[in-house]
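Since the model is a prediction, treat every value here as computed from it, not as a measurement. Excluded from the calculations below are hydrogen atoms, water molecules and symmetry mates; all remaining heavy atoms, backbone and side chain alike, are included.
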Amino acid sequence: MRHVYSGKVREIYSDGADLLLVASDRVSVYDVVLPTPIPDKGALLTQLSVWWFDRLTDVVPNHLVSATDVPDEFAGRAVRCRRLEMVPFECIARGYLAGSGLREYLATGAISGVPLPPGLVEGSRLPEPIFTPTTKVSDGGHDAPATFDEVADAVGTELAGRLRELTLEVYRRGAERASANGIIVADTKLEFGRDADGELVLADEVLTPDSSRFWPADEWVPGRAQHAFDKQFVRDWAAGTGWDKKPPGPEIPADVVAATRTRYVEAYEKITGSHWRR
């Protein structure tokens, strides 16, 4: 087994024909990895992704080979997966107005070239989910909004259309399933690759608190920030410290670490209906 890449959260190893993706307990905000880990975070992300992969196979194939055939030292927080040629865009579906989408809407009335009705506020539900891709850059850079036409120019109209179709369908399926358990999926970020036969495959992680915004449905009120079962809590804390959002990031206080872990566990338990044991 050979180490081939370190990401903000994941380590990637080459193991024969497969790759091993190992999720750490690191947390990144504003494209900067903070120095304080969140206990169990890597295992929570991995196990929630595996849960979703199993429930989305009728929508799109995924890269998962095994979640158990991994070295003991990585048990619970690693997956064995297929090698893919990754699509050079992050595919984002938005059903509600938040984050960078809110900022872009307030400035332009649209997100990634998709016009939206006037008068929307933070937390507003959109008339229908929209596809708002971004460029995908290496660690240290910042993803930038992209339009559908820009994706089509880069990968072709047919592939861009399929990416949009699959992204929105995964979002709809995930949002419907989470809603039944009292969770709003405000938005989510997906990654896709192509296998040796050219088939699109869902990769990386799916519908986790790192890649999505999860809000409690019974507390949703448009016009204000929402309670979040995701890393938005850490983003908000970090922004409130006066930090300039450049490396190095600030140490996370123990109470913020504990509250963040609790929110990740709540997201896992509410969505899966299973008690978290680690």
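With E11 contributing its side chain and S24 its backbone, the two residues share no donor-acceptor pair below 3.5 Å. Of the possible donor and acceptor atoms, one in the side chain of T135 sits under 3.5 Å from a partner among the backbone N and O of A144. Judged by distance alone, the side chain of Y105 and the main-chain N or O of L120 form a donor-acceptor pair under 3.5 Å. Using modelled atom types, one side-chain atom of S49 and one backbone atom of V206 make a donor-acceptor pair closer than 3.5 Å. For H3 (side chain) and Y5 (main-chain N/O), a donor-acceptor pair under 3.5 Å exists by modelled atom type. A distance-only check finds a donor-acceptor pair linking the side chain of Q226 to the backbone of V221 [under 3.5 Å]. The main-chain N or O of S28 is found under 3.5 Å from a side-chain atom of K231 such that the two form a donor-acceptor pair.
Between V79 and V70, the closest side-chain pair of non-hydrogen atoms is not below 4.5 Å. Residues I38 and I252 are in side-chain contact: their nearest non-hydrogen atoms beyond the backbone lie under 4.5 Å apart. Between L45 and R10 there is a side-chain heavy-atom pair separated by less than 4.5 Å.
Geometrically, R55 engages W51 in a cation-pi contact defined by less than 6.0 Å to the ring centre and at most 45° from the axis. Taking the ring axis of F148 as reference, the NZ or CZ atom of R164 stays within 45° of it and closer than 6.0 Å to the ring centre.
A continuous path of ILVMFWY side-chain contacts below 4.5 Å connects L56 to L48, so both sit in one hydrophobic cluster. Hydrophobic clustering of Ile, Leu, Val, Met, Phe, Trp and Tyr side chains at less than 4.5 Å, counting indirect connections, unites V60 with V87.
The pair E165-R162 meets the salt-bridge criterion, since a charged nitrogen lies less than 4.0 angstrom from a carboxylate oxygen.
Put simply, the residue from V185, D187, T188, I184 that forms a side-chain contact (heavy atoms from CB on, under 4.5 Å) with F214 is V185. A side chain to side chain donor-acceptor pair (under 3.5 Å) with K41 is found for one member of D25, D210, T46 and no other, namely D210. If you run salt bridge (Lys or Arg N to Asp or Glu O under 4.0 Å) between R82 and each of D195, D15, D197, only D195 comes through. Under the side-chain contact (heavy atoms from CB on, under 4.5 Å) test applied with W52, the options I271, V170, T272, T208 reduce to a single match, I271.
Environment of CD in E219: crowded, with over 12 heavy atoms of neighbouring residues, nucleotides or ligands closer than 6.0 Å. Atom CD of E176 has 12 or fewer neighbouring heavy atoms from other residues, nucleotides or ligands inside a 6.0 Å radius. Atom CZ of R83 has more than 12 heavy atoms from other residues, nucleotides or ligands within 6.0 Å.
A side-chain donor-acceptor contact under 3.5 Å links S100 and R94.
Across every non-hydrogen atom of P250 and L34, the tightest pair is CD-CD2, 3.9 Å.
Remark: E266 CD to W276 CH2 distance equals 14.5 Å, nearest 0.5 Å. Note that CZ of R213 and NZ of K189 are 10.0 Å apart. Values are rounded to the nearest 0.5 Å. Taking NZ of K136 as the start and CZ of F89 as the end, the distance is 10.0 Å to the nearest 0.5 Å.
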